[in-house]
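By convention in this document, chain letters (A, B, ...) are assigned in the order of the sequence lines, proteins followed by strands, and residues within each chain are numbered from 1.
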Number of protein chains: 2
Amino acid sequence: MATPDPLDLRILVLLQEDGRRTVADIAGRVALSPTAVKRRIERLEAAGVITGYSARVDYTKLGWGIAAFTELRFTGTTSPGDMDRVAAGIPEVCAVYTTAGNHDVTALIRARSVEHLRDVIHRLRVSGSIVGTRTHVILDAHVKDDWHPELDG
Amino acid sequence: MATPDPLDLRILVLLQEDGRRTVADIAGRVALSPTAVKRRIERLEAAGVITGYSARVDYTKLGWGIAAFTELRFTGTTSPGDMDRVAAGIPEVCAVYTTAGNHDVTALIRARSVEHLRDVIHRLRVSGSIVGTRTHVILDAHVKDDWHPELDG
DNA sequence: TCTGAAAGTCGCCGTTC
DNA sequence: GAACGGCGACTTTCAGA
């Protein structure tokens, strides 16, 4: 899309903070009519800047108290697509990041317990193409849900 | 909260897929009355299972094309709280994960360019308490936005 | 389950660049 | 004239009884 103007960015931040905000509410905060706000939101959605809306879920409240980053190293002949498929094929894997550096993929894993996590890592290791793993259990996470670049940077 | 039943989980998944779904729409999909669905959602929110709603934003479309995991090692006397503060104090840091393994922190950083990323890492390194960094640029990311444990696990 | 109130949606028109 | 903002009528959704 044509570079979003400051008004678009303010609308974006408001929708990141609360994705269920009403158009009228946003209109009041940015001093625009609801119609104009609606049209801007539709433009942002059409341009792919807004890819969707989600409920934020606290998995610890559901008994999934363990989260970890597991770095995966694959055999030299494994294609990037296969790396993704192997990692994403495990249900407990929530996200797969292909990275540059000395390993190939970082997977965000959620599990019910450390035993469960160990089991997940084992399942990854026996999948065939993985030759090594390194796991960092997440003790504490601070995610800026409403992070937005233009705010300060 | 009391362990959520399968209906709660289905509602959760629907709201993760699309946080703006109407109560009536969800009611139709889970074969419940809108009132009952509303009550369940309110219970999930009150219990902290649903922590909020967000627009999903594609930062690459906004000119922030670089994302990276940077692992930070701090001096032995740095408290976990200070680690969080130092990392989160940089605007380009989107998330801070305290991890076990090396009493480390992993930061998710977004930047406009590799030069910008280098600048961000430099700002982290001169902050005083950081003695080492290791950065993995993210080449490709697959996040399961609607990931939900009970679906298969 | 139903009803009043509120929000969203759409077409049309004025203004600006 | 193309793009954007505003106004008003119609439709859907929400909240309380």
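- Side-chain contact annotation: A/His116 with A/Glu92, donor-acceptor N/O pair under 3.5 Å present.
- A/Leu7 places its CG atom 12 Å from the P atom of D/dC4, with the value rounded to the nearest Å.
- In summary, the aromatic rings of A/Phe69 and B/Phe69 are positioned with their centroids under 6.0 Å apart.
- Spacing between atom CD1 of A/Ile41 and atom P of C/dC10 amounts to 14 Å, rounded to whole angstrom units.
- Using a 4.0 Å heavy-atom distance criterion, B/Thr35 is classed as a base contact.
- No donor-acceptor contact under 3.5 Å links the side chain of A/Arg40 to the base of D/dG5.
- Taking a cutoff of 4.0 Å between a charged side-chain nitrogen and a carboxylate oxygen, A/Arg73 and A/Asp104 do not qualify as a salt bridge.
- Taking atom CD of A/Glu42 as the reference point, atom P of C/dG8 lies 12 Å away to the nearest angstrom.
- When rounded to the nearest whole Å, the span between NZ of B/Lys38 and P of D/dC14 equals 8 Å.
- Using a 4.0 Å cut-off between a side-chain N of Lys or Arg and a carboxylate O of Asp or Glu, B/Glu17 and B/Arg56 do not qualify as a salt bridge.
- DNA chain D is contacted by no residue of residues 19-30 of chain A, taking any non-hydrogen atom closer than 4.0 Å.
- Taking atom CZ on B/Arg39 and atom P on D/dG16, their separation rounds to 12 Å, with Å as the unit.
- Stacking of A/Arg110 on the aromatic ring of A/Tyr59 is not recorded, the 6.0 Å distance cut-off and the 45° axial limit not both being met.
- Within the 4.5 Å cutoff, the side chain of A/Leu72 has no heavy atoms near those of the A/Arg125 side chain.
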